[in-house]
Amino acid sequence: MDRLSLTHPAHADRTEFDRNEVRIALLGCGTVGSGVAILLLDSASSISARSGAPYSLEAIAVREAEKPRAREIARELLTDDPQRLVADPAIDVVIECIGGTGEAAHLVEAALRNGKHVVTANKDLVATRGPELRALAAANGVTIAYEAAVGGAIPIVRTISESLAGEDILEVGGVLNGTTNFILSEMFAGSTYAAALARAQALGFAESDPTNDVEGVDAAHKLAILAQLAFRRALHTAQIPRLGITKLRPDDITLAKRLGYALKLIAAARSDASLVTPAFVARTHPFAQPVGPQNCIRVTGRSSGSLTFAGTGAGSAPTASAVIGDVVAVLRRIAAGRHVGSDASSASLAPLGPGLEPSIALRRVVRLESLRDARPAHAALAEAGYAAEAIDGVPAILTERLDGARAARLSELLASHHIAAPSVIPLWEDASEGA
Ligand code: HSE
């Protein structure tokens, strides 16, 4: 029987044993936070046994303490004063499940400055301020852990930062956003974009503002986090060349089917380039496999080869599972008398200048309106110095590998020859395929 239960008052029944326990505060009790609260309360004895450190969930900061909740949580645990918790000397670990870069950022910073370990699911925050927060944690002798920020329960953050710490990583990324993968899966099955987005929102995969999902910002946040770890570069979301799925048309889905490709939102980074873009993907490639809200993440190392991780990348339970994994890791380190410190050298991450970094050079499929345009389009591209080939029986041309700037000129160039090219979509190729 668990020592803590949903109705256990926070400070009741203190024993000699309890005084050695680690004290945890949870900030936020929404989709992810409520899943975390339930696991911490219901599974206290097994989590404590696995981590070697008994703990107590001391308080949960919520916006409205009196609001009715799907699952009864003892009123004594709830507070609407998160500032008090991050300043409270009795709190050892702060779990941040508020999200965003506003209040959550101030609270995480304050918690780290006050010497508390932080576990967060906040991808926006880690993507935009990760290097700085890791340096702050290291300076204060504490940990900031964020496995839940990327790919739900898929164990990718710790895999890159610990298991692959000695690896020369060549490429990282894949299908990192569940909402867009769900929308594209539905569109492949005949749904309209609008109907598919509405379903994704109703099912709870989408962000509160789904613009971040469909414009590729969410995928770019996750990619920035992975790239920071994989390449030790202070890559920020805003620097990643990014295109979402809002400009895709039903004709692009039709073209993918005719060519025998999947169409996915791919987010990928190499040591010197990155991008987020819809891309055609060979049906046999791992990135073509995720359906609905699933993610597929691949890390390719010089010695390790390609390692592929797949699973549900969004939702309360998988994300809460990743948070609890981080909590156990933090508790173990506290029990062993040491802090994580794996990112202690974050301050020395290679900085990037402002502005976009280079996009990964990929071949492009130029969709034409008519098969009759293929020959003149081919000639126009050749005249402008682009190597390209017609695709048999399909109104499309396949170019050589192009960087973002050269690819951006294609439609305009064809328009100047009175040839309509309604879309230009990259064809995904792994780093090992020789880009
Ligand atoms: N909106 C995100 C997604 C949630 O669709 O992947 C998980 O980060």
Side-chain angles (χ1 to χ4, degrees), residues 28 30-36 95-101 104 119-128 130 145-157 172-187 191 193-229 237 240 242-246 248 263-268 276-278 287 289-298 309-326:
T31 307
V32 176
S34 59
V36 170
I95 304 173
E96 186 272 305
C97 294
I98 295 173
T101 51
V119 174
T120 178
N122 190 334
K123 59 211 157 188
D124 308 36
L125 182 60
V126 182
T128 51
Y146 45 89
E147 182 66 67
V150 184
I154 298 172
I156 191 66
V157 168
V172 65
V175 176
L176 303 185
N177 179 265
T179 300
T180 46
N181 199 60
F182 177 85
I183 293 172
L184 292 174
S185 300
E186 294 275 295
M187 288 174 77
S191 171
Y193 171 83
L197 173 58
R199 271 201 78 202
Q201 287 178 283
L203 290 167
F205 314 133
E207 298 298 294
S208 47
D209 177 1
T211 312
N212 269 4
D213 291 301
V214 296
E215 295 293 359
V217 178
D218 179 81
H221 280 327
K222 293 165 182 168
L223 183 65
I225 294 171
L226 297 181
Q228 287 166 14
L229 295 170
T237 307
I240 298 173
R242 166 176 61 79
L243 195 63
I245 64 164
T246 53
L248 291 176
L263 182 52
K264 298 289 184 186
L265 184 73
I266 301 295
V276 174
T277 179
F287 295 167
Q289 311 314 316
V291 289
Q294 293 200 313
N295 287 180
C296 177
I297 309 175
R298 214 145 102 113
F309 303 81
T312 307
S316 175
T319 312
S321 164
V323 169
I324 296 297
D326 275 347

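Whatever order the structure lists ligands and atoms in, that order sets their numbers, starting from 1. Along the sequence shown, residues are numbered consecutively beginning with 1.
- Counting heavy atoms from C-beta outward, Tyr193 and Thr246 have side chains that approach closer than 4.5 Å.
- Note: no N/O pair closer than 3.5 Å links Asn295 and ligand 1 by distance alone.
- Among protein heavy atoms, the minimum distance from atom 4 (C) of ligand 1 is reached at Glu207 OE2, 3.3 Å.
- With no hydrogens or angles considered, no side-chain donor-acceptor pair links Asn122 and Thr120 at under 3.5 Å.
- In summary, the atoms of ligand 1 found under 4.0 Å from a heavy atom of Ala314, numbered by their order in the structure, are 4 (C), 7 (C).
- Checking Asp218 against Asn212 by side-chain atom types alone, no donor-acceptor pair falls below 3.5 Å.
- In the vicinity of Gly313, heavy-atom distances shorter than 4.0 Å reach the ligand 1 atoms 7 (C).
- Among protein heavy atoms, the minimum distance from atom 8 (O) of ligand 1 is reached at Lys123 NZ, 2.5 Å.
- We find that Arg242 and Glu215 are not joined by a salt bridge, their nearest charged nitrogen and carboxylate oxygen being 4.0 Å or further apart.
- Shown in contact with Thr179 at under 4.0 Å from a heavy atom are these atoms of ligand 1, numbered in order with element: 1 (N), 3 (C), 5 (O).
- Judged purely by atom type and a 3.5 angstrom limit, Lys222 uses its side chain to pair as donor or acceptor with the backbone of Leu176.
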- Task: Let me see the working for Asp326 and Ile95 under side-chain contact (heavy atoms from CB on, under 4.5 Å), right down to the final yes or no.
- Result: CA-CA 10 Å; Asp326 275 347; Ile95 304 173; over 6 Å; no
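- Which parts of ligand 1 touch Lys222 is read off a 4.0 Å heavy-atom cut-off, strictly below it: atoms 2 (C), 3 (C), 6 (O), 7 (C), 8 (O).
- Atom 6 (O) of ligand 1 has as its closest protein heavy atom Gly178 N, 2.7 Å.
- Here Thr319 has no heavy atoms under 4.0 Å from ligand 1, in either its backbone or its side chain.
- Here the options are Thr277, Asn181, Thr180, the test is side chain to side chain donor-acceptor pair (under 3.5 Å), and the partner is Lys264; only Asn181 passes.
- Contacts of Asp213 with ligand 1, taken as heavy-atom pairs under 4.0 Å, involve the side chain alone.
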